[in-house]
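Lettering follows sequence order; numbering is per chain, from 1. The analysis underlying the following values was restricted to heavy atoms, covering all of them including side chains, and did not include hydrogens, waters or symmetry mates.
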Number of protein chains: 2
Amino acid sequence: MGKLDFSPIADTTRRAEIVALLRRAILTGQLEPGQKLNELRISEQMRVSRAPLREAMRELVQEGILTSIPYAGTFVIDVTAKDIVDAYSLNKVLDDFAIELTWPQRDQRFFDELDRRHEAVKQATRSLDTTRQIEAALQLHGLIYEWADNSVLVETWQRLTSRLQMYFALHQRARNEAVPAEDLHETYVALLKGADMRAAQRCAREHIDDDFEALLAYARGLEERAAKSAERPH
Amino acid sequence: MGKLDFSPIADTTRRAEIVALLRRAILTGQLEPGQKLNELRISEQMRVSRAPLREAMRELVQEGILTSIPYAGTFVIDVTAKDIVDAYSLNKVLDDFAIELTWPQRDQRFFDELDRRHEAVKQATRSLDTTRQIEAALQLHGLIYEWADNSVLVETWQRLTSRLQMYFALHQRARNEAVPAEDLHETYVALLKGADMRAAQRCAREHIDDDFEALLAYARGLEERAAKSAERPH
DNA sequence: GACAAGCAGATTGTCGACAATCCAACAAGA
DNA sequence: TCTTGTTGGATTGTCGACAATCTGCTTGTC
């Protein structure tokens, strides 16, 4: 018996690849909120028939980043200020729980992985690749979920992550400045290594609040503009 | 302008109906955990082509009650003791949060709906229709989520509910006795009407723990049997 | 001019057939 | 006997075509 444990082979169905492609397009903001996804057009661009594309879209609908209206079409979800409030408030609760579960299971491997992801964030920040920066930050944040060893919690986090990533990307795209909060990551990582769980939880909450305020202001701005353009037809 | 607000028209795609049919079959235990869903057989039984059936299955995969392995098939999820532990521990956290959000929004309509659903549980209990009893209990429980006015939280709850309902149905099916806990619902409803939020949260947690213990014992039994039958081939 | 009916055009939903893949049984060789 | 190919059947993945539905425009009527 060899000692190597192989990772599962990659899914090689067109469907899986389409899901990945579409998800990325949505989460990076290449597909804008509210935009309609024309099946024929996309399937031709991808050189794929509509069947696997439609199945992929069904998955993303259930994932919460697309929405489907029968016989009308499938659309990228709209982002309202309330959605952001909802997502962030739930995020805080889940973070608390995830830290609580992870806390007694922290070991050297955890700390190493924590440093690795923190380093990835710093590198992405230096490279000015904002998309990668967002992904890296969420990956860093997600470690406490992966370590919590609760399958349902991880699923929930991933669903939430999709939305958060989309919100960030939109915000990023609108006002083209780098996300700061570098030092906050620093203290967050340090506290996760420390002995005071409550302090770590508090830090996570504050961290979330920071990002949140900026995003919310942006979303409110969006809605005001939308409201105004909706008034015009009257 | 009329004052009537019409409810949305029913989805009239085959896909939506298939989703409903399959979900019901799974959640009531008619389809057992681990069982494979043969596309051709099911599509013939439903008098439907495989396309909408496959799309429906993709949705249920993302909903977390089916699991798909490329070129191998789509299966009802397996239920392990750990899954139940995970689901219930998350449920406790979410309940806390839902009660907190709902608390300041309680009004007469809330209390009326609470009573209505409580009545539905009692009636289902009397009728000895265990499936309906489970559904009614989960509906009663779900009110705090619907009232919390947090869209992401509701989605999360619904995903969790699917699993819980499945676990209950299996348990129910195995040992054919009625679920007791009637009085616990009584106190739960009373506390939700009262002034002490902490007490309501505590009651919810205890309520959950009760159901949980019974289910867990059942699941552990399942796994032991599974382990034994897996040993035999050796 | 306002309004309803009806008619394309485009798009989504569904179907039946074909291609790719897996699995179990069997055969062949060490 | 154990391992390693091979082969046939069954099942999933994908395709192209057809049917159902929606939308915007035109037409006709008042």
Side-chain angles (χ1 to χ4, degrees), chain A residues 1-2 6-23 25-26 31-32 34-63 65-77 230 233-234, chain B residues 1 6 8-23 25-26 31-32 34-63 65-78 230 232-234:
Chain A
M1 284 282 185
F6 292 98
S7 55
I9 280 202
D11 293 347
T12 51
T13 65
R14 300 195 194 288
R15 186 182 66 236
E17 293 192 30
I18 297 171
V19 166
L21 269 177
L22 280 182
R23 185 190 288 122
I26 297 166
L31 285 168
E32 291 175 13
Q35 188 172 342
K36 178 172 176 179
L37 278 69
N38 186 311
E39 296 177 3
L40 196 58
R41 205 168 54 76
I42 294 179
S43 68
E44 280 170 356
Q45 284 180 4
M46 291 190 181
R47 305 289 182 82
V48 162
S49 88
R50 281 173 57 223
L53 172 64
R54 282 173 61 85
E55 291 183 15
M57 284 162 83
R58 263 358 107 197
E59 289 190 22
L60 295 176
V61 166
Q62 281 308 102
E63 206 174 300
I65 59 181
L66 290 182
T67 173
S68 157
I69 303 175
Y71 290 106
T74 307
F75 309 82
V76 179
I77 56 165
H234 278 214
Chain B
M1 284 284 186
F6 292 98
I9 281 201
D11 293 345
T12 51
T13 66
R14 300 194 194 288
R15 185 181 69 236
E17 293 190 32
I18 297 172
V19 166
L21 270 177
L22 279 183
R23 185 191 288 124
I26 296 167
L31 285 169
E32 293 175 11
Q35 189 172 341
K36 178 173 175 179
L37 279 72
N38 185 312
E39 295 177 3
L40 195 59
R41 205 168 53 74
I42 295 179
S43 69
E44 279 170 357
Q45 284 180 4
M46 290 189 179
R47 305 289 182 81
V48 162
S49 89
R50 282 174 57 222
L53 171 63
R54 283 174 59 86
E55 290 182 16
M57 284 162 86
R58 264 358 108 197
E59 289 190 22
L60 294 176
V61 166
Q62 283 306 104
E63 208 173 297
I65 60 181
L66 289 182
T67 172
S68 160
I69 302 175
Y71 289 107
T74 306
F75 308 82
V76 179
I77 55 166
D78 272 317
R232 209 168 302 162
H234 280 213

In whole angstroms, how far is the [atom2] atom of [N] from the [atom1] atom of [X]?
X     : N      : atom1 : atom2 : answer
A:K36 : C:dT11 : NZ    : P     : 7 Å
A:R58 : D:dT14 : CZ    : C1'   : 17 Å
A:E39 : C:dG13 : CD    : P     : 6 Å
A:I69 : D:dT21 : CD1   : P     : 17 Å
A:R47 : D:dG16 : CZ    : C1'   : 16 Å
B:L53 : C:dT14 : CG    : C1'   : 12 Å
B:R15 : C:dC15 : CZ    : P     : 13 Å
B:L40 : C:dC22 : CG    : P     : 19 Å

Taking all non-hydrogen atoms of both residues into account, name the closest pair between [X] and [Y] and its distance.
X     : Y     : value
B:P52 : B:R15 : O-CG, 4.1 Å
B:I69 : B:F75 : CD1-CE1, 4.1 Å
B:A56 : B:V19 : CB-CG2, 3.5 Å

May I ask you to verify if any side-chain N or O of [X] is less than 4.0 angstrom from the OP1 or OP2 atom of [N]?
X     : N      : result
A:R14 : D:dG13 : no
A:R50 : C:dC15 : no
B:R54 : D:dT12 : no
A:S49 : D:dC15 : yes

Of all the choices, D:dT12, D:dT21, D:dC15, which nucleotide is nearest to the side chain of A:Y71 once you look at every atom?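 Of the options given, the side chain of A:Y71 lies nearest D:dT21.
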Donor-acceptor check, side chain of B:K36 to backbone of B:V76, threshold 3.5 angstrom: yes or no?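 Flag not set: sc B:K36 to bb B:V76 has no pair under 3.5 Å.
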Indicate yes or no for a side-chain donor-acceptor contact from A:Q35 to the backbone of A:E32 under 3.5 Å, with no hydrogens or angles considered.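 Indeed, once roles are kept as given, a pair shorter than 3.5 Å links the two residues.
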Classify the nucleic acid contact of B:I18 as base, sugar-phosphate or nothing, counting any heavy atom under 4.0 Å across all strands shown.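 If one applies the 4.0 Å heavy-atom cut-off, B:I18 turns out to touch nothing in the nucleic acid.
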